[in-house]
Each structure stands twice: as C-alpha cells, then as structure tokens.
Asks: 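A single structure is presented below for examination.
Naming convention: chains lettered A, B, ... in sequence-line order (proteins, then strands); numbering from 1 in each chain.
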Amino acid sequence: MKRIKYQAAIARSPLMVFREEIILWYRKQGRDLPWRATQDPYHIVVSEILLHQTTVRSVIPVYAAFLERFPTVQDCAEGPLEDIKAITDPLGYKIRGEWLYRIARYVMEHCQGRFPDTLDALMALPGVGRYTAGAVLSFAFGQDAPILDTNVNRLLGRYFGLNYKDKSAEVQHRLWSLAEAVIPPGAGSEFNQALMDMGAMVCTARKPSCLLCPISHNCATGLEAEKNEWGTSAAEERVTYRNRE
DNA sequence: AAGTCGGGGCC
DNA sequence: GGCCCAGACTT
C-alpha cells in the first residue's frame, strides 16, 4: 500500500495562526525592557506595582532606582517606608510605596522570604489584583496564567469583536476567558509579553497600526472591517500609512 | 456599578 | 479640555 502522506495540506487553525504570528512578531519587534531580564518574583512584583496605570517610560528609571536602594525583598521589608515612598511617590498613585512595603514585610514574616506561587495567595497581597497576580505567575513562575491589562484587553476586544471598553462583569469575564484560551501551552510567559507589546506598539488606543499588524487579516475590527471603531475606512488607513514617512 | 487615586504624555 | 497609561481598592 501507498504510504499515507501527512502533508502540509492540513490547515492550521485560526488560533494556531494567531499564536504563531504574534510570537514571530514579538521575537522580531518586541521591546527590550529591564524587568524582562529577570524571573525574580520580587523584581517582577516591583515592576508590576509601579506599572499600574503608569507608562513604561516613566517606570524604567524608578524601577532601577528602587532595586538599587532595595535589592532584595528583605531590604524592602526593612524600609523605612519614607525611603520607599521617596522613590515611588513621584510616579503618582502614592499608595503603591506602602503596598510594596507591606508586601515585603508579609513575605518575610509569613512566607520565609519567598513569594507565593498561587493565584489566591498572590491576590491576598495588598495592591495585587487579578492582573498583577497573573503577571507574577506567568513571568516569575513560568505558569500559563492569563493576564488582562489595558493592552491585552484592547487587543483581544478588537480582534474578537467585543466592546473592551464595557467594564461589565460579563464582557470582562469573556475577555479573561479569551486571554486564557489563546495562550500556547507551555509558552505563557513569552506569549503574554508578546500580547502586551502588540497592544502597546501595534494595536494602540489611538491610530492603531493595522497595516503593520500580523493578524489584521482575521481581526473583527481592524483593517478588513469596512468601518472600524476609530471611524476610518480601510482605504483611509492605507492613505494614512502612505503619507507618514 | 461607580468613584477614587495622580503625574505625565499626546492630541 | 479629553483621553490614555502593564489596576486595585473602597463605597
């Protein structure tokens, strides 16, 4: 009998394409950020707390200054709080210095200086919600935990045709489910970073770069949509792209 | 579900 | 002036 040929005609699923295109884009175009050079849970927590509603560019120098003054969770737990706040307060949301201080003391006193690696335990820490807990599980502990920050929320909402500005429990629950479902098994850390960079650099809040987007061909909102959410047609997008640089 | 915290950047 | 930024917490 003839040997059965398992050839390339087996189509890749849309989800598979989604994952592969995003990973390929990220490895070529992704940002090189300081907190991506480590898996230390303490460093990850510091970065994530500082990044709450705060631009990456603003956080970078503060992150460096913080870890120089408080290199370990033990150093942070020893405070004093005034020294912590002197570094973190200029970013705004001045409660974050106290959160970091309380987190460090809790981890030293109740966790033998090791950060917890479960969703519930992380979310019990002050200032750590679902997003930050997922970030720690993913980036520090390598788990396939979903994250849904403003970038991922917007990207998934547009791509799957959900109104991501709708903060109702139903819509947000669907987006969290999608954030979990799209993760390539075993690659949660890199893929989550990739999703955030896609949201921050391509699928931006204003004037998204649909022409440079590797997944626009399947996007429910972007380039292929006749009229998209930012009110310009696909043709207008192309003109906009041509006229810049 | 809505309000609050906040400095900084970009229209 | 309005919107947005790797959200979380309180009411």
Asks: Which nucleotide sits closest to the side chain of A:R57: C:dC4, C:dC9, B:dC10?
Replies: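 Among C:dC4, C:dC9, B:dC10, the one nearest the side chain of A:R57 is B:dC10.
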Asks: Checking A:T150 against A:N153: is there a side-chain donor and acceptor pair closer than 3.5 Å?
Replies: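 There is no such pair between these side chains.
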Asks: For the atom pair CZ (A:R31) and CG (A:D197), what is the distance rounded to the nearest 0.5 Å?
Replies: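 The distance works out to 4.0 Å.
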Asks: Rounded to the nearest angstrom, tell me the gap between atom NE2 in A:H52 and atom P in B:dG6.
Replies: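 Atom NE2 in A:H52 sits about 13 Å away from atom P in B:dG6.
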Asks: Please report the distance, rounded to the nearest Å, between CG in A:L137 and C1' in C:dA6.
Replies: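 Distance check: A:L137 CG to C:dA6 C1' gives 15 Å.
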Asks: May I ask you to say what A:T132 touches in the nucleic acid, namely base, sugar-phosphate or nothing, with a heavy-atom cut-off under 4.0 Å?
Replies: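 The residue A:T132 makes sugar-phosphate contact but no base contact.
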Asks: Parallel, tilted or perpendicular: which one describes the rings of A:H52 and A:W99, with boundaries at 30° and 60°?
Replies: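 Perpendicular, since the angle between the ring planes exceeds 60°.
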Asks: Whole Å only: how far is the CG atom of A:L51 from the P atom of C:dA8?
Replies: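 Computing the A:L51:CG to C:dA8:P distance gives 11 Å.
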Asks: Using a heavy-atom cut-off of 4.0 Å across all strands, would you classify A:I95 as base, sugar-phosphate, or nothing?
Replies: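 A:I95: backbone/sugar contact only, no base atoms under 4.0 Å.
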Asks: Report yes if a side-chain nitrogen or oxygen of A:T150 is closer than 4.0 Å to either non-bridging phosphate oxygen (OP1 or OP2) of C:dC5; otherwise report no.
Replies: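 Checking A:T150 against C:dC5: at least one side-chain N or O falls below 4.0 Å of OP1 or OP2.
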Asks: First locate atom OG of A:S189, then atom CD of A:Q143, and finally report the distance between them rounded to the nearest 0.5 Å.
Replies: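 Answer rounded to 0.5 Å: 11.0 Å.
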Asks: Rounded to whole Å, how long is the line connecting atom NZ of A:K85 with atom P of B:dC5?
Replies: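 Computing the A:K85:NZ to B:dC5:P distance gives 14 Å.
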Asks: For A:I60 and C:dC5, give me the distance from atom CD1 to atom P, rounded to whole Å.
Replies: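 So the two atoms are 17 Å apart, to the nearest Å.
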Asks: Looking at every strand, decide which applies to A:V128 at a 4.0 Å heavy-atom threshold: base, sugar-phosphate, or nothing.
Replies: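 The answer is sugar-phosphate, as A:V128 gets under 4.0 Å only of primed atoms, P, OP1 or OP2.
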Asks: When you check the phosphate oxygens OP1 and OP2 of C:dC5, does a side-chain N or O of A:Q53 lie under 4.0 Å from one of them?
Replies: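 So the side-chain polar atoms of A:Q53 never come under 4.0 Å of the phosphate oxygens OP1 or OP2 of C:dC5.
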Asks: Would you mind telling me which of C:dC5, C:dA6, C:dA8 lies closest to the side-chain atoms of A:A205?
Replies: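 The answer is C:dC5, which lies nearest to the side chain.
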Asks: By the 4.0 Å heavy-atom rule, please label A:V56 as base, sugar-phosphate, or nothing.
Replies: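 Sugar-phosphate contact only - A:V56 comes under 4.0 Å of backbone atoms but never of a base.
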Asks: So what does A:R206 touch, heavy atoms closer than 4.0 Å: a base, only the sugar-phosphate, or nothing?
Replies: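 The answer is base, as A:R206 lies within the cut-off (heavy atoms under 4.0 Å) of a base atom.
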Asks: If I take atom CG from residue A:L178 and atom CD from residue A:E180, how far apart are they, to the nearest 0.5 angstrom?
Replies: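 Atom-to-atom, A:L178:CG and A:E180:CD are 10.0 Å apart.
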Asks: Hey, does A:A135 reach any base, or is it just sugar-phosphate, or nothing, if we go heavy atoms under 4.0 Å?
Replies: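 No contact at all - A:A135 keeps every heavy atom at 4.0 Å or more from the nucleic acid.
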Asks: In whole angstrom, what separates A:M196's CE from C:dG7's P?
Replies: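 Interatomic distance, CE of A:M196 to P of C:dG7: 9 Å.
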Asks: CD1 of A:I49 versus P of C:dA8: gap in Å, rounded?
Replies: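 Distance check: A:I49 CD1 to C:dA8 P gives 8 Å.
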Asks: Taking only side-chain N and O atoms of A:K167, does any of them lie within less than 4.0 angstrom of OP1 or OP2 on B:dG3?
Replies: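 For B:dG3, neither OP1 nor OP2 has a side-chain N or O of A:K167 closer than 4.0 Å.
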Asks: Using a 6.0 Å distance limit plus a 45 degree cone around the ring axis, check whether A:R105 lies over the aromatic ring of A:Y101.
Replies: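 Geometry flag: set, cation within 6.0 Å and 45°.
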Asks: Looking at A:H110, I'd like to know if its NE2 atom is crowded, meaning that more than 12 non-hydrogen atoms belonging to other residues, nucleotides or ligands lie closer than 6.0 Å.
Replies: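 Yes.
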Asks: Classify A:I44 by what it touches in the nucleic acid, base, sugar-phosphate, or nothing, heavy-atom distance under 4.0 Å.
Replies: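 Contact class for A:I44: none.
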Asks: Which is true for A:T54 with a 4.0 Å heavy-atom rule: it touches a base, it touches only sugar-phosphate, or it touches nothing?
Replies: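 A:T54: base contact, heavy atoms under 4.0 Å.
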Asks: Say you pick atom C1' in C:dC5 and the same atom in B:dA1; how far apart are they, in whole Å?
Replies: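 Going atom to atom, C1' in each nucleotide, I get 23 Å.
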Asks: Write down the distance separating the P atoms in C:dT11 and B:dG6, rounded off to the nearest Å.
Replies: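 One P to the other, the span is 15 Å.
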Asks: How far does the C1' atom of C:dC4 sit from the matching atom of B:dC5, given to the nearest Å?
Replies: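 Those two atoms are separated by 15 Å.
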Asks: Pick the P atom in B:dG9 and in C:dA8, then give their distance to the nearest Å.
Replies: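 Comparing P positions in B:dG9 and C:dA8 gives a spacing of 24 Å.
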Asks: On the nucleotide C:dC5, are OP1 or OP2 found under 4.0 Å from the side-chain N or O atoms that A:R154 carries?
Replies: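 Yes, such a contact exists.
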Asks: Between C:dG7, B:dG7, C:dA6, spot the one nearest the side chain of A:K94, thanks.
Replies: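 Closest nucleotide to the A:K94 side chain: B:dG7.
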Asks: Judged by each residue's nearest nucleotide on DNA chain C, which is more toward the 5′ side, A:G129 or A:T55?
Replies: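 Between the two, 5'-proximity favours A:T55.
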Asks: Nearest whole angstrom, please: distance from the C1' of C:dA6 to the NE2 of A:H43.
Replies: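 Atom-to-atom, A:H43 to C:dA6, this comes out as 18 Å.
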